[in-house]
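Below is one structure; the comments refer to it alone.
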Amino acid sequence: MFVEYPYHFDGRHRTAEALPADHVRQLIEQLLFTQPGERVNRPDFGSGVMQLVFSAGSPEVAASAEYLIRGVLQQFLADRILVSDVSVEARDARLEITIDYTILATGEAVTATFEREIGP
């Protein structure tokens, strides 16, 4: 059983469950948008990518964000996925991260896009 993120109850009033591929996607999303230090018992968990959004938009910042994301995915999810490509783009008031990866347990190739609003 994989717990669905964000945590909630299903129609049976039980913990909602996710399919394995959905669970992996949810793990990536948690890792990307959690700030290091945000989790009490796992202070090193998270990417800090949202802090890079406020840097000047340049190829160097995009490359830094991609490198950072590859690093945290390798550190925390290397036993579940193999990352093929990462691209980061800040548009208007949105941060868009696209990751191509393979789920190791199934061999399924996935392209997932994660978006967040930038700012308050």
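Just so it is clear, the values below take in all heavy atoms, side chains as well, and ignore hydrogens, waters and symmetry mates.
- Residue pairs meeting the side-chain hydrogen bond (donor to acceptor under 3.5 Å, both in side chains) criterion with at least one member in residues 68-87, sequence neighbours excluded, do not occur.
- Minimum interatomic distance between Asp44 and Phe76 (heavy atoms only, all atoms of both residues): O-CZ, 3.5 Å.
- Here the straight-line distance linking atom CD1 of Ile97 with atom CG of Leu32 works out to 4.5 Å at 0.5 Å rounding.
- To the nearest 0.5 Å, atoms OH (Tyr101) and CG (Leu73) are separated by 9.5 Å.
- One N or O on the side chain of Gln26 and one on the backbone of Tyr5 form a donor-acceptor pair closer than 3.5 Å.
- Two residues are said to be in side-chain contact when any heavy atoms from C-beta on lie closer than 4.5 Å; Leu19 and Phe2 fail this criterion.
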query = After noting the C-alpha distance and the side-chain angles of Arg25 and Val110, does the key distance pass the side-chain contact (heavy atoms from CB on, under 4.5 Å) rule?
reply = CA-CA 9 Å; Arg25 186 189 193 310; Val110 178; over 6 Å; no
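- Atoms CG and CG, on Leu104 and Leu77 in that order, are 10.0 Å from each other to the nearest 0.5 Å.
- A distance of 12.5 Å separates CD1 of Ile81 from CD of Glu108, quoted to the nearest 0.5 Å.
- The shortest heavy-atom contact between Gly48 and Pro36 is N-CD, 3.5 Å.
- Taking every heavy atom of both residues into account, Thr15 and Phe9 meet most closely at N-CD2, 4.0 Å.
- Leu27 CG to Asp22 CG: the interatomic distance, rounded to the nearest 0.5 Å, is 11.0 Å.
- The shortest heavy-atom contact between Phe114 and Ile99 is CE1-CD1, 4.0 Å.
- Among all heavy-atom pairs drawn from His23 and Val3, the shortest one is ND1-O, 3.5 Å.
- Between Ser47 and Val72, the closest heavy-atom pair is CB-CG2, 3.8 Å.
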